[in-house]
2 protein chains.
Amino acid sequence: MTADGVLVLEGRPTAQLIADHLREQIVQGIFRPGQQINESMLAAQLRTSRGPLREALQRLCQEGLLISWRNRGVFVRELSAEDVKEVYFVREAIETAAAKALLGAGQERIDKTCRVLKGIVKDLAKQVAASDWQAIARVDLEFHRAFVAGAENNRLNRIYETLAAESRMCILNLEVSYPRANVLVQEHQNILDLLEARDREGLLDAIAEHMERPDGPYA
Amino acid sequence: MTADGVLVLEGRPTAQLIADHLREQIVQGIFRPGQQINESMLAAQLRTSRGPLREALQRLCQEGLLISWRNRGVFVRELSAEDVKEVYFVREAIETAAAKALLGAGQERIDKTCRVLKGIVKDLAKQVAASDWQAIARVDLEFHRAFVAGAENNRLNRIYETLAAESRMCILNLEVSYPRANVLVQEHQNILDLLEARDREGLLDAIAEHMERPDGPYA
DNA sequence: CCCTCGCCAACTGTTGACAATCTGCATTCT
DNA sequence: AGAATGCAGATTGTCAACAGTTGGCGAGGG
């Protein structure tokens, strides 16, 4: 049931639904890097046929999460150290752009975004207290995604969605534990405060620092 | 025949080949915005079947050049004024990031990139002299693509590829003629000069100005 | 005249089968 | 023994047919 009161049965294209499902599975590490995706087997699991599944796989290939070798199949992308650097470099660029857009968008949007971010920071603190690393990674990225979403730029969001997925793959597969978990909450709170204060220079510096930390990126 | 002397018959996946072909057709305006893609007809034209074609279409949907409505088909995306703003905003962000990466990458990469850009500017001047607007749009974007390519960041390049395609759609479909064509050559030459001089601030400003021109973006 | 209902053609969504290719292993030759 | 060859199984690439949905068109009723 939508907001209009209209029931739309599976309104989105099947390939997109399957792709979203698989993306989630990939970032959760259910498919390991380098692992081949067996089309027949996976299609059977998903109660569909190879056609729609292959269409979904092509979407994820275009996104860069999977890689396709002709006559060999599609495989979960393995992220090299170079890839990790790339992801965090581009994430910084996108978040910086989002910050600029957000600051130029008026108080209302900033307030709205801050309200969302506050809730996420609170959630983050809870997960840090519980030392649930998987959840910390998820909530951490949820913060950044919400931040970028504040820019209300569809292309920025779409791009960041993929980068966030790749980041989760990094965290999961490089098995990087979060160093100094309490600093993590502090840093996100800092970004939030700077946004609320509309401190342009401070915010841009904080984002750059957050992404280029000397002890290596982690989220 | 590859550089290794090995003949690889169609090494790339079919869906990718078809997607690349269609992307080119779309930016050339052979498919009009809002137009439906008839799968059977197009598959027949390409001497293939609907299966591989649909996989290619899904790639372009993921890219955002096409849009898929369930049980209705896929259509060429129509770009609103808001979309155009988004594209140019993100392009500025990506080019800015590329400039930063390039400046921090050492003289060798900068020189190599400048050599490429010089050739493109020369080509641009030629097309401007000939007043071939279609070619001007192509070469203009070739300049920016080469600029971003200098950063040697695969994700940056991939993202920019889509943005460049969308830009060409804008130019073609909004039928925006290039204002002040000679200034066009001058501006690109300026960016090139600033890069060669490693003038960080000047380069970043020039990029921002180039993308945020008051008379509206054009390429 | 306008609205509604039901039919029809066209198209998309899905499936199962067939063809082509690759990988691994056993066999054979040097 | 080591390398090359041929075979077998599995998997991907491709296709054509079938099923389901949509939107338009015309007949019929208010």
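Protein chains get the first letters and strands the later ones, always in sequence-line order, with residue 1 at the start of each.
Proximity note for A:R70 (side chain, C-beta onward) versus C:dC22, C:dG13, D:dG13: the nearest is D:dG13. Relative to the side chain of B:N38, the nucleotides C:dC22, D:dT11, C:dT12 differ in distance, and C:dT12 lies closest. Distances were taken from every side-chain heavy atom of B:T14 (C-beta onward) to each of C:dT14, D:dT11, D:dG13; the shortest belongs to D:dG13. Checked against C:dG13, D:dT12, D:dT14, the side chain of B:N71 finds its nearest nucleotide in C:dG13.
Following rounding to the nearest Å, A:Q35 (CD) and D:dT11 (P) show an atom-to-atom distance of 13 Å. Here the P atom of nucleotide D:dC15 and the CG atom of B:L46 are 11 Å apart, to the nearest Å. We find that CG of A:L42 is positioned 13 Å from P of D:dT11, with the value rounded to whole Å. The distance between atom CD of A:E39 and atom C1' of C:dA17, rounded to the nearest whole Å, is 15 Å. Atom CD of A:Q36 and atom P of D:dA10 are 14 Å apart (whole Å). Following rounding to the nearest Å, A:I18 (CD1) and C:dT15 (C1') show an atom-to-atom distance of 13 Å. In this structure, CZ of B:R72 is placed 14 Å from C1' of D:dG20, rounded to the nearest angstrom. Separating the CZ atom of A:R47 from the C1' atom of C:dT15 is a distance of 16 Å, rounded to the nearest angstrom.
Scanning for salt bridge (Lys or Arg N to Asp or Glu O under 4.0 Å) contacts around A:R59 gives an empty result, with sequence neighbours left out. Residues passing the side chain to side chain donor-acceptor pair (under 3.5 Å) test with A:E82, sequence neighbours excluded: none.
Across residues 48-57 of chain B, B:R50, B:R54 each have a non-hydrogen atom less than 4.0 Å from an atom of DNA chain C (numbered order).
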Can you give each donor-acceptor pair under 3.5 Å made by side-chain atoms of residues 114-126 of chain A, sequence neighbours left out, with the distance rounded to 0.1 Å?
residue	atom	partner	partner atom	Å
A:K118	NZ	A:E196	OE2	3.0
A:D123	OD1	A:Q127	NE2	3.4

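In this structure a side-chain-to-backbone donor-acceptor pair under 3.5 Å is missing from B:E92 to B:M211. Side chain of B:D83 to main chain of B:S80: a donor-acceptor pair is present (N/O by atom type, distance under 3.5 Å, no hydrogens or angles). A donor-acceptor pair is defined here as one N or O able to donate and one able to accept, closer than 3.5 Å; such a pair exists between the side chain of B:Q36 and the backbone of B:R72.
Sequence neighbours left out, the pairs with a member in residues 102-111 of chain A that pass salt bridge (Lys or Arg N to Asp or Glu O under 4.0 Å) are A:R109-A:E152.
End-to-end axis angle of the helix from C:dC1-D:dG30 to C:dT30-D:dA1, from C1' rotation axes over five pairs per end: 10° (rounded to 10 degrees).
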* **Stepwise side-chain contact (heavy atoms from CB on, under 4.5 Å) test for B:T96 and B:K100** => CA-CA 6 Å; B:T96 299; B:K100 288 176 183 171; 4.0 Å; yes
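Using a 3.5 Å distance cut-off with no hydrogens or angles, the side chains of A:R70 and B:T14 do pair a donor with an acceptor.
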